[in-house]
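Input: a single structure, listed below in structure tokens.
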Amino acid sequence: MPADFSGKWILETSEKFEEYLKALNIDFATRKIAISLSQTKVVTQDGDNFDFKTLSTFRNYELAFTVGVVLDEYTKGLDNRNIKSLVTWDKDMLVCTQRGEKANRGWKHWIEDDKLHLELTCEDVVCHQVFKRKE
Ligand code: VLZ
């Protein structure tokens, strides 16, 4: 059985999120708002087809993708860049590489003890977020 990411998840802990936003050149004021927010991930999964919605009171971000298929992603409301994203499986972990202006950019999602983990990487910064299930 592949990992089941689907459901509603609420942010519980966040490490180095501001540093990550800074690496993306997001301005000071926006960063201060962004780090104060509660974030909810709403994930739908149908085989290798995924939809990740990151919801907050300030901005939302949505990404729909199919594992193994390169996608033109525009990071609207984040750093507003065009990137080429590819998500693949590494065992039960979803691994996304985001090719573009920023070096070493990507993310990983996995589930551990019924928590949703996310690592967001840009350049030398690794942000780690943990989400718990929202009933
Ligand atoms: O997440 O690529 O789950 O796309 C922050 C929204 C969302 C809050 C960050 C407002 C999600 C921030 C980054 C304003 C600057 C991301 C993927 C993995 C799905």
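Note that the structure is predicted; figures quoted are calculated from it, not measured. Counting starts at 1 for both ligands and their atoms, following the listed order.
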Could you find the nearest protein heavy atom to atom 9 (C) of ligand 1 and give me its residue, atom name and distance? Leu78 CD2, 4.2 Å

Ring centers of Phe52, Tyr61 separated by less than 6.0 Å: no

For atom 2 (O) of ligand 1, which protein heavy atom lies nearest, and how many Å away is it? Trp107 CD1, 3.9 Å

Ignoring hydrogens and angles, state whether a donor on the side chain of Trp110 or Asp90 is under 3.5 Å from an acceptor on the partner side chain. no

Interfacing atoms of ligand 1 (cut-off 4.0 Å, heavy-atom, Leu63): 4 (O)

Residues that Thr13 engages under side chain to side chain donor-acceptor pair (under 3.5 Å), provided they are two or more places apart: none

Where ligand 1 meets Thr54 - atom numbers and elements under 4.0 angstrom, heavy-atom basis: 7 (C)

Evaluate the side-chain proximity of Met93 to Glu119: yes if any heavy-atom separation is below 4.5 Å, no if none is. no

Which atoms of ligand 1 sit under 4.0 Å from any heavy atom of Leu118? 3 (O), 18 (C)

Do the side-chain N and O atoms of Gln39 and Ser56 include a donor-acceptor pair separated by under 3.5 angstrom? no

Taking only heavy atoms of Tyr61 into account, list the atoms of ligand 1 that are under 4.0 Å away from them. 4 (O)

Side chain to side chain donor-acceptor pair (under 3.5 Å) with Thr75: which residues, sequence neighbours excluded? Asp79

Check for me whether His109 has a heavy atom closer than 4.0 Å to any atom of ligand 1. yes

For atom 11 (C) of ligand 1, which candidate among Arg31, Lys41, Glu62, Gln39 holds the nearest heavy atom? Lys41

Quick one: nearest non-hydrogen protein atom to atom 16 (C) of ligand 1, plus distance? Leu120 CD2, 3.8 Å

